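First up is the structure itself, then whatever we jot down about it.
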Amino acid sequence: VVNASAEPLAGAVDFTKFAKENNITVFYISNRHTDELEPTLQNLKQKDFAFAEEEYLLLKQETSDKSSRRDYVAENYEIIMLVGDNLRDFDEIYGKRGNDYGFNNVYANRELFGSLYFILPNPMYGEWEKAYNNAEGETSQEQKIENMKKSLSGF
């Protein structure tokens with residue numbers, strides 16, 4: 001169950017208002033499910049985000065791959081900036097991570113970071129957890145913490 005209670009990152013609301021004042025349209029491409037539309041919109045409206053309307057909110061329908069939703073926006077708009085907390089928010093190539101954790105793909109596209117791609121780190125959860133957790137099954141919270149410590153200490 002999604003609650004309409006997420007707090008915005010500092011500057012996020014003002015950023016969307018600045019975009020609107022400068023005739024830049026903001027789309028929210030999220031992997032929240034379509035049945036979470038109402039609480040998500042309610043949360044955006046409560047926090048006073050610009051473009052807090054259904055037509056600007058593109059939620060997950062069948063796949064977490066956001067490529068088709070980015071393509072949908074690109075049909076009628078020039079995409080000048082992608083902002084996300086996960087590399088896959090920018091391109092699905094970052095979903096194909098090997099033992100290098102995606103560093104080679106990031107390095108190959110390094111000129112896009114800070115010009116088209118803007119990452120807002122999310123320390124709470126994300127794709128990065130897969131690098132040290134059991135992808136085949138459940139990993140206990142204790143094991144996740146131990147795995148994280150090992151990863152942070154340089155393996």
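The model shown is predicted, which means the values in this text are computed figures rather than measured ones. The figures that follow rest on heavy atoms only: side chains count, while hydrogens, waters and symmetry mates do not.
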Answer yes or no: is there a donor N or O on one side and an acceptor on the other, between the side chain of [X] and the main chain of [Y], under 3.5 Å?
X: R88; Y: I93; value: no
X: D89; Y: N86; value: yes
X: N22; Y: I24; value: no
X: N105; Y: Y94; value: no
X: N31; Y: S64; value: yes
X: Q143; Y: S140; value: no

Nearest-0.5 Å distance, [atom1] of residue [X] to [atom2] of residue [Y]:
X: E36; Y: N43; atom1: CD; atom2: CG; answer: 11.5 Å
X: S68; Y: Q61; atom1: OG; atom2: CD; answer: 8.0 Å
X: T16; Y: D48; atom1: OG1; atom2: CG; answer: 8.0 Å
X: L37; Y: Q42; atom1: CG; atom2: CD; answer: 11.0 Å
X: E38; Y: E54; atom1: CD; atom2: CD; answer: 6.5 Å
X: S30; Y: L57; atom1: OG; atom2: CG; answer: 6.5 Å

- Task: Take M81 and F15, measure what side-chain contact (heavy atoms from CB on, under 4.5 Å) needs, and give me the verdict at the end.
- Result: CA-CA 12 Å; M81 178 182 287; F15 178 80; 3.4 Å; yes
Should the heavy atoms of other residues, nucleotides or ligands under 6.0 Å from [atom1] of [X] be counted, would the total exceed 12?
X: F113; atom1: CZ; answer: yes
X: F118; atom1: CZ; answer: yes
X: E111; atom1: CD; answer: yes

Common cluster, [X]/[Y], ILVMFWY with side-chain heavy-atom separation under 4.5 Å:
X: F18; Y: I79; value: no
X: V83; Y: V13; value: no
X: L120; Y: L44; value: no
X: L116; Y: L87; value: yes

Identify the two heavy atoms, one from [X] and one from [Y], that lie closest to each other, and give their separation to 0.1 Å.
X: I29; Y: K66; answer: O-NZ, 3.4 Å
X: Y72; Y: L58; answer: CD2-CD1, 3.9 Å
X: D91; Y: Y117; answer: CB-OH, 3.8 Å
X: R69; Y: K60; answer: NH1-N, 3.3 Å
X: K47; Y: A6; answer: CE-O, 3.4 Å

- Task: May I ask you to check whether D65 and S67 show a side-chain donor-acceptor distance below 3.5 Å?
- Result: yes
- Query: Is any side-chain heavy atom of V26 closer than 4.5 Å to a side-chain heavy atom of K20?
  - Reply: no
- Message: Less than 4.0 angstrom from a charged side-chain N to a carboxylate O is my criterion; do E53 and K45 meet it?
- Response: no
- Message: Measuring centre to centre across the rings, with the benzene-like ring taken for any Trp, is Y107 within less than 6.0 Å of F103?
- Response: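 Not under 6.0 Å, so no.
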- Message: Quick check on ring pair (Phe, Tyr, Trp, His ring centres under 6.0 Å): which of F27, Y28, F49 does Y56 satisfy it with?
- Response: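 Only one of F27, Y28, F49 forms a ring pair (Phe, Tyr, Trp, His ring centres under 6.0 Å) with Y56, namely F27.
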